[in-house]
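Down below is the structure, laid out as structure tokens.
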Amino acid sequence: MSLSLPANPPFSLSAVVESHGWFQLAPFDWLRPEATSEDGSGGLLTRVEELSSGRVVSLRLQDGGDGVEVEIRDSLTAAEEREIVNKVTRMLQLERDLSAFYEVVRGEPRLAHVEPAAKGRILCSPTVFEDVVKTILTTNVQWSGTVRMAKALVDQYGTPLPGARAQRAFPVPERLAAEDEASLRSAGLGYRAPFVLELARAVASGARDLEVLTSENLPTDELRRRLLSIKGVGDYAAASLMMLLGRYDFVPIDSWARTMVSREWHDGAPVGRTEVEMAFARWGPWQGLAYWFWAWNSA
DNA sequence: GGTAGACCTGGACGC
DNA sequence: GCGTCCAGGTCTACC
């Protein structure tokens, strides 16, 4: 069966998918546009997803009209279909309205590319839990390490797709909560293992509700406070997660951000948090997006 | 509130 | 091939 989901214009699947490196993390798989069409349009995003009913399905997402076309091999119940619609809507931020952002950055040459290319949406996971775990996996490690750890979690703990055991979903909190720290360490998570385990157990037990963080009614300061209360989530990780949650008031400042700001505005001299913050402060509530999509001189 | 050291791993480098 | 050093954010203990 297939589902056609509309998006707030402008929309481009490849612009969302390639907004950052999430598409390289299991169980996402991305066939770039040049691999799927002669004119360079399109692209195919696939992902194995475990539904709350316990069923595991394979999703194939492609550009479709004014939104995205979702193809699922199996027939679904109405509840399962609703769940997939909700998850895809979150993954691709289909309902995000970025017209105010485009208005604010109009006239800034380094951001002139965003609106014509339908950039501004950021690829998310279907659940906040998966986004938080993966963000913890980005800390204090090079990107190749994040890719390796995400793959290990999926390969070792993800529920397989029926008939294709090599294809697995991202493990649900209950699955990770049943493990012990040594097991997660053996998956290559290192010192992050207790952080991920504690989070999974808190979510599985109901002690922590992460999905409530998607509520637009939650004040930004309160959202940040709740994210920082998660072990393993510091300033950088909280700012990154806020971007995924549609709050752009903070710039995720990591070593790359400091390097790029240093090259762009300080002739390569070492810079700290303050200089990065000052570089994007003028964009106010959109500064996170301005940073994210800035066309760096030296990138 | 600010700071130092520990955490873990892969990659770069020198021998 | 082996050993050493370093980079990458966050936590905890300490001042």
Side-chain angles (χ1 to χ4, degrees), chain A residues 19-26 122 124-125 128-157 171 173 176-177 179-203 207-208 210 213 220-245 247-264 266 268-280 287-288 291-292 294 296 298-299:
Chain A
S19 56
H20 66 141
W22 249 214
F23 72 86
Q24 298 172 3
L25 302 183
I122 298 171
C124 297
S125 303
V128 180
F129 172 72
E130 182 178 327
D131 274 336
V132 175
V133 170
K134 285 180 171 175
T135 300
I136 290 174
L137 302 188
T138 68
T139 61
N140 204 21
V141 70
Q142 292 175 343
W143 180 248
S144 60
T146 302
V147 172
R148 177 180 43 78
M149 286 186 271
K151 183 175 187 307
L153 282 182
V154 170
D155 287 349
Q156 294 189 29
Y157 310 115
L176 291 179
E179 294 299 321
D180 58 22
E181 186 180 320
S183 172
L184 293 181
R185 281 182 182 272
S186 75
L189 270 64
Y191 73 94
R192 302 166 197 82
F195 300 154
V196 171
L197 185 60
E198 181 178 322
L199 179 68
R201 287 179 174 167
V203 172
R208 188 185 282 277
L210 289 178
L213 302 181
T220 299
D221 287 346
E222 173 63 14
L223 171 61
R224 183 167 182 271
R225 191 191 65 76
R226 291 197 194 185
L227 289 170
L228 288 171
S229 74
I230 300 169
K231 286 274 182 65
V233 174
D235 284 337
Y236 159 76
S240 289
L241 284 163
M242 289 175 73
M243 297 282 295
L244 300 180
L245 291 163
R247 312 294 182 99
Y248 312 116
D249 307 71
F250 294 88
V251 173
I253 301 174
D254 57 4
S255 57
W256 190 84
R258 287 192 292 271
T259 298
M260 299 313 288
V261 168
S262 164
R263 290 178 184 169
E264 188 89 358
H266 298 274
V271 303
R273 160 173 297 276
T274 306
E275 288 82 0
V276 178
E277 288 173 345
M278 286 176 62
F280 290 94
Q287 57 189 288
Y291 158 76
W292 203 277
W294 194 259
W296 298 99
S298 48

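Order of the sequence lines fixes the chain letters, A, B, ..., with proteins taken first and strands second; residue numbering starts at 1 for each chain.
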What do the steps show when you test Arg201(A) against Glu198(A) for salt bridge (Lys or Arg N to Asp or Glu O under 4.0 Å), and what is the final call? CA-CA 5 Å; Arg201(A) 287 179 174 167; Glu198(A) 181 178 322; over 6 Å; no

If the plane angle is over 60° it's perpendicular, under 30° parallel, otherwise tilted; pick one for Trp22(A) and Trp143(A). parallel

Provide the closest heavy-atom pair for Asp131(A) versus Ser125(A) in the form atom of the first, atom of the second, distance. OD1-OG, 2.7 Å

N/O donor-acceptor pair under 3.5 Å between Ser262(A) side chain and Val271(A) backbone: no

Protein and nucleotides 5-8 of chain B: nitrogen or oxygen contacts under 3.5 angstrom:
unit_1 : atom_1 : unit_2    : atom_2 : d
dC8(B) : OP1    : Arg185(A) : NH1    : 2.4
dC8(B) : OP1    : Arg185(A) : NH2    : 3.2

Mark yes or no for whether Glu179(A), through its side chain, and Leu176(A), through its backbone, hold a donor-acceptor pair below 3.5 Å. no

Is the backbone N or O of Phe250(A) less than 3.5 Å from a side-chain atom of Gln287(A), with the two atoms forming a donor-acceptor pair by type? no

Leu137(A) CG to dT9(B) P, straight-line distance once rounded to whole Å: 13 Å

N/O donor-acceptor pair under 3.5 Å between Arg192(A) side chain and Asn140(A) backbone: yes

Between Arg208(A) and Arg226(A), what is the shortest heavy-atom contact and its length? NH1-O, 3.7 Å

Would you say Trp292(A)'s side chain and Tyr248(A)'s backbone share a donor-acceptor pair under 3.5 angstrom? no

So, is Ser255(A) near the phosphate of dG9(C), with a side-chain N or O under 4.0 Å from OP1 or OP2? yes

When you look at Arg224(A) and Asp235(A), which way does the salt bridge (Lys or Arg N to Asp or Glu O under 4.0 Å) test go after all the steps? CA-CA 9 Å; Arg224(A) 183 167 182 271; Asp235(A) 284 337; 3.0 Å; yes

Starting at atom CD1 of Ile136(A), determine the distance to atom C1' of dG8(C), rounded to an integer number of angstrom. 15 Å

Give me, pair by pair, the N or O atoms of the protein and of nucleotides 13-15 of chain C that are less than 3.5 Å apart, along with how far apart they are.
none

Ile253(A) or Lys231(A), whichever maps to the more 5' nucleotide of DNA chain C: Ile253(A)

Looking across every strand, which nucleic acid part, if any, lies under 4.0 Å from Leu228(A) by heavy atom: base, sugar-phosphate, or nothing? nothing

Between C1' of dT10(C) and CZ of Arg224(A), the distance in whole Å: 14 Å

Between Tyr236(A) (OH) and dG9(C) (P), how many Å, whole number? 7 Å

What are the two closest heavy atoms between Ile136(A) and Thr139(A), and how far apart are they? O-OG1, 2.7 Å

Nearest-Å distance for atom pair CZ/C1', residues Arg273(A) and dG2(B): 14 Å

Below 4.0 angstrom, which residues in residues 141-157 of chain A have at least one non-hydrogen atom near DNA chain C? Val141(A)

Take the protein atom CD of Glu198(A) and the nucleotide atom C1' of dC11(C), then report the distance between them rounded to whole Å. 12 Å

